[in-house]
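One structure is given here, and the rest of the page talks about it.
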Amino acid sequence: MNIRLIALDLDGTLLDSQKHLPERNKKAIEACIARDIYVVPCTGRTVKGIPEAVTEISGIRYGIMVNGGVLVDMQEKRILEERLIPPQTAVEIYRMISGNHVMCDAYIQGDGFSERYCFDHMDEYGLPDVIQELVKRTREPVDNVAEYIRTRNDMVDKLNLYFDSAQEREDVRRRLEQRGDVLVSSSFWFNLEVNGPGASKGEGIVRLAKILGVKPEETMAFGDGENDLSMMEKVGVSVAMENGETFVKEKADYIAPSNDDAGVGQMLERLILSDAFAKRSL
């Protein structure tokens with residue numbers, strides 16, 4: 001087995017529960033890069049949402065952003081490919097959910113925007129403190145998200161919805177899926193992520209691998225949540241985190257220790273960096 005591209009989910013996978021990069025993970029990534037392996041963040045975040053601890057690792061150049069909606073060359077600050085949501089579709093969705101108690105963020109050209117009231121009252125929408133801190137760092141409050149999208153009239157990278165009610169979340173999910181013109185996934189129990197057609201992490205890996213001249217069987221992915229499920233199904237070697245969703249672990253080839261135990265680093269040491277793995281691959 002010859003792995004040439006490793007895609008890494010961030011939240012719940014590469015980063016620990018406090019959104020920090022464990023040193024063991026960093027060292028393992030650096031060792032993989034030294035072997036000429038592409039190491040690629042594969043996340044629901046935008047480029048601006050990736051921690052500096054990750055982007056500062058020498059050799060991390062490419063990224064799969066907003067769940068596969070955007071493939072980017074971070075070194076050249078250049079978009080390689082996009083699968084986005086038309087602005088009119090985003091406005092329709094926002095108006096469709098206006099009767100629900102939901103916080104809606106929009107990502108446009110790599111920037112995040114939140115409704116000002118929701119931004120100032122995130123406790124009302126059940127966001128944990130660590131997520132609130134992330135939102136405050138990566139979103140710009142606007143008075144009305146739908147009106148902002150309509151006026152700006154740019155393609156939308158992704159919509160991120162936060163709920164304090166599981167029942168309301170499932171009702172909104174059902175209505176979104178009935179539309180047939182967007183993809184719906186989730187990375188936390190309290191959110192939904194809405195992407196354009198063809199925007200999944202798994203498809204993003206396949207498309208980036210093709211651009212880089214990497215065969216599908218030469219790819220590996222690590223993930224923990226529902227929006228990582230497509231990665232488990234598309235890559236050559238799939239690894240789920242011990243802290244991940246049961247249905248994700250059931251699809252994976254390997255189970256890594258939890259994100260709080262530097263599971264990514266431990267599994268890379270075992271599968272990529274050990275002589276034992278090389279011998280098994282013969």
### Task
Look at atom NZ of Lys19 and say whether more than 12 heavy atoms of other residues, nucleotides or ligands are closer to it than 6.0 Å.
yes

### Task
Please determine, by modelled atom types, if Asn191 and Asn160 share a side-chain donor-acceptor pair under 3.5 angstrom.
yes

### Distance, nearest 0.5 Å, that separates CG of Asp11 from CG of Asp16
10.5 Å

### Query
Between the side chains of Tyr94 and Arg150, does any donor sit under 3.5 Å from an acceptor?
no

### Task
Using only heavy-atom distances, determine whether the side chains of Asn67 and Arg45 contain a donor-acceptor pair under 3.5 Å.
no

### Query
Have Asp123 and Gln132 got a donor and an acceptor in their side chains that come within less than 3.5 Å?
yes

### Query
So which of Leu176, Ile97, Asn100 actually passes side-chain contact (heavy atoms from CB on, under 4.5 Å) with Asp171?
Asn100

### Qualifying ring-ring contact (aromatic ring centres under 6.0 Å, His included) pairs, either residue in residues 157-197, two or more places apart
Phe188-Phe190

### Task
Determine whether the side chains of Arg152 and Gln109 contain a donor N or O and an acceptor N or O closer than 3.5 Å.
yes

### Query
Would Arg179 and Thr89 count as having a side-chain donor-acceptor pair, cut-off 3.5 Å?
no

### Task
Report yes or no: do Thr246 and Glu250 form a side-chain donor-acceptor pair below 3.5 Å?
no

### Stepwise salt bridge (Lys or Arg N to Asp or Glu O under 4.0 Å) check, Arg83 with Glu81
CA-CA 7 Å; Arg83 296 285 191 277; Glu81 194 176 277; 3.4 Å; yes

### Query
Angle class for the Phe113/Tyr148 ring planes (parallel below 30°, perpendicular above 60°, tilted otherwise)?
tilted

### Query
What residue among Val72, Thr46, Leu71 forms side-chain contact (heavy atoms from CB on, under 4.5 Å) with Met65?
Val72

### Query
With the threshold set at 4.0 Å, does a side-chain nitrogen-carboxylate oxygen contact exist between Glu245 and Lys249?
no

### Task
Answer whether the closest heavy-atom distance between the side chains of Ile57 and Ile60 falls below 4.5 Å.
yes

